[in-house]
Amino acid sequence: MLLTFARAEALRTLRNRRYLIFVVAFPVLLYLINANIYGSRSDGSGVGYNVVLMVSMAAYGALAASMMSSAVPLATERQTGWLRQIQITPLPSWAVVAAKLGSSMALVLPSLLLVGLVAIVQQGVSLPPERWAELLVALWLGVVPFVALGLALGSALSAEAAQPATMICMFALTIAGGMWFPPELFGSGMKAVAELTPSYHYASIGWSLAGGHGPAMPDVLVVLAWAVVLGGAAAVLYRRATVRV
Amino acid sequence: MNGIVFDHVSKHYGDVLAVDDLSLTIEPGTTVALLGPNGAGKSTSINLLLGLLKPSRGTITVHGRAPAQAVAAGEMGAMLQDGALIPELTVKETVDLVRGLYPRPLALDDILAMADLTAIAGRRASRLSGGQAQRVRFALAVAGAPRVLLLDEPTAAMDVESRLRFWAAMHDYAAGGRTVLFATHYLEEADEHSDRVIVIARGRLAADGTADQIKADAGGQTVSFSLGAQPAAGLDRLPGVTAVEITDGAAVLHTTDADATLAGLYRGTTLDVRDLRLSSADLEAAFLRLTRES
């Protein structure tokens with residue numbers, strides 16, 4: 001029954017035009033534009049910008065998908081009473097959260113796969129199969145902190161407030177992660193702030209893997225730590241929002 | 001075993017006492033109306049029964065279990081007051097989703113037919129009228145074949161025809177030996193569609209019985225006719241009569257048993273009765289009195 005619920009959650013988001021534009025079309029378009037301008041250059045270690053940008057845009061798409069499919073839908077459902085309709089079914093409340101996490105994670109895959117596909121087809125990007133696999137798994141599992149942040153925002157805020165809050169968090173994390181502008185452009189102050197965010201380390205894991213060296217342990221630890229912290233926050237806020245005394 | 005038991009249940013929000021020491025027992029298989037004006041504590045009682053709220057004092061059981069356990073076992077279905085649907089999902093997808101969350105649901109086609117949704121099964125929720133959405137919410141409430149069905153002012157957004165069909169569907173569902181509790185502030189609905197009426201006002205039990213008993217307790221019916229110049233003596237001694245009013249040759253008899261009063265009027269007197277009217281028109285007033293007094 002958890003699967004039934006998760007499938008319906010995913011289906012509704014796939015039918016949402018805003019999701020399709022921001023999450024599926026935007027990253028692909030941005031990749032096409034940037035890769036056609038800078039794609040032929042390569043970074044200091046010799047990795048082509050068409051690969052670097054692929055990772056950036058896939059990471060951006062994944063970040064956007066994970067937050068957009070979690071925060072506003074949850075806030076809206078709480079407000080309109082749909083969540084209560086689900087609460088009075090036998091589905092336990094941990095399963096509601098698990099299904100939302102699962103469906104949000106599934107909805108990350110289209111942007112990851114599409115950006116990769118466009119990179120292969122249009123930019124002729126070629127990586128060894130195991131590197132593709134590592135990259136896909138890392139960028140996929142690495143979105144857990146962002147889904148958790150989305151669920152926390154959706155639990156804590158009204159639907160009206162969740163919309164702008166999600167946008168602000170999403171853009172701040174995208175920029176801090178260096179997904180739109182290379183992190184080398186950051187000043188030292190900005191870099192210090194960026195290094196505190198999960199998105200900076202999430203993107204770094206992607207770039208390291210694409211460059212053929214394994215992810216740096218600090219990056220993995222920071223992303224994991226944020227997953228635990230934000231996951232805990234989401235659990236507490238969801239409980240507070242749904243269990244009334 | 002009792003279906004639903006409220007044992008000295010109170011619920012307050014801050015200083016406001018929404019339910020005040022309410023005790024009642026509902027037998028399984030009965031259809032019960034929870035009647036009361038707005039703010040009487042109807043919705044609070046239903047939310048308590050679903051475990052969505054916890055009582056400040058007292059205990060509630062459903063088939064001997066705590067509400068949360070009854071919900072987890074799939075014994076409860078409900079139509080709540082604010083129950084939006086997911087705009088991107090179709091009627092069929094929505095019903096099938098909720099159905100899939102229960103251990104022993106009804107068949108999808110049966111649910112759609114019962115709620116009169118077969119013709120619009122493929123329509124997305126964002127394109128439904130208010131009445132259609134309400135039917136979907138009824139379908140969601142019965143989808144899991146719950147033994148206890150709770151309806152919180154279910155006909156609020158419906159026109160007359162939708163109401164008729166809704167109540168027919170509700171009776172179909174209740175006929176399977178299920179317990180139905182519906183909240184309403186319409187006396188007629190309580191009267192026509194329940195085996196028993198529980199009147200609550202300010203969170204307290206104001207009256208409890210069959211609709212007829214409630215009516216009788218609340219002042220009953222009136223028999224009125226034009227008396228003209230005939231003598232009024234003896235009218236107050238007719239069976240069931242509790243009060244007699246005579247104004248400008250028109251007599252109004254308040255009675256707890258209109259049948260007996262009429263029989264007495266025709267058989268026991270030689271009066272020439274014209275323009276006879278039998279009414280429960282003052283029921284609303286009586287109901288207001290009932291709920292104000294408590």
List the steps, then state whether side-chain contact (heavy atoms from CB on, under 4.5 Å) holds for A:Arg84 with B:Leu52.
CA-CA 8 Å; A:Arg84 260 196 292 170; B:Leu52 290 170; 3.6 Å; yes
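- Ion pairing between A:Arg15 and B:Glu93 holds under the 4.0 Å rule for side-chain N and carboxylate O.
- Chain A forms more heavy-atom pairs under 4.5 Å with one residue of B:Leu101, B:Thr94, B:Val71 than with any other, namely B:Leu101.
- Counting heavy-atom pairs closer than 4.5 Å to chain A, the top residue among B:Ala141, B:Ala73, B:Ala78, B:Pro146 is B:Ala78.
- The heavy-atom pair separating B:Ala84 from A:Trp82 by the smallest distance is O-CE3, 3.3 Å.
- The two residues A:Pro90 and B:Gly74 come nearest to each other via the heavy atoms CG-CA, 3.4 Å.
- Per-residue heavy-atom pair counts under 4.5 Å with chain B were compared for A:Leu2, A:Leu11, A:Thr13, and the maximum is reached by A:Leu11.
- If you take CZ on A:Arg12 and CD1 on B:Ile86, they are separated by 3.5 Å, rounding to the nearest 0.5 Å.
- The CG atom of B:Leu85 lies 8.0 Å from the CD atom of A:Gln85; values are rounded to the nearest 0.5 Å.
- If you run side chain to side chain contact (heavy atoms under 4.5 Å, CB included) between B:Val98 and each of A:Thr4, A:Ile88, A:Thr89, A:Leu91, only A:Thr89 comes through.
- Of the two parts of A:Ile86, only the side chain, counted from C-beta on, holds a non-hydrogen atom closer than 4.5 Å to a non-hydrogen atom of chain B.
- Counting heavy atoms from C-beta outward, A:Arg7 and B:Leu97 have side chains that stay 4.5 Å or more apart.
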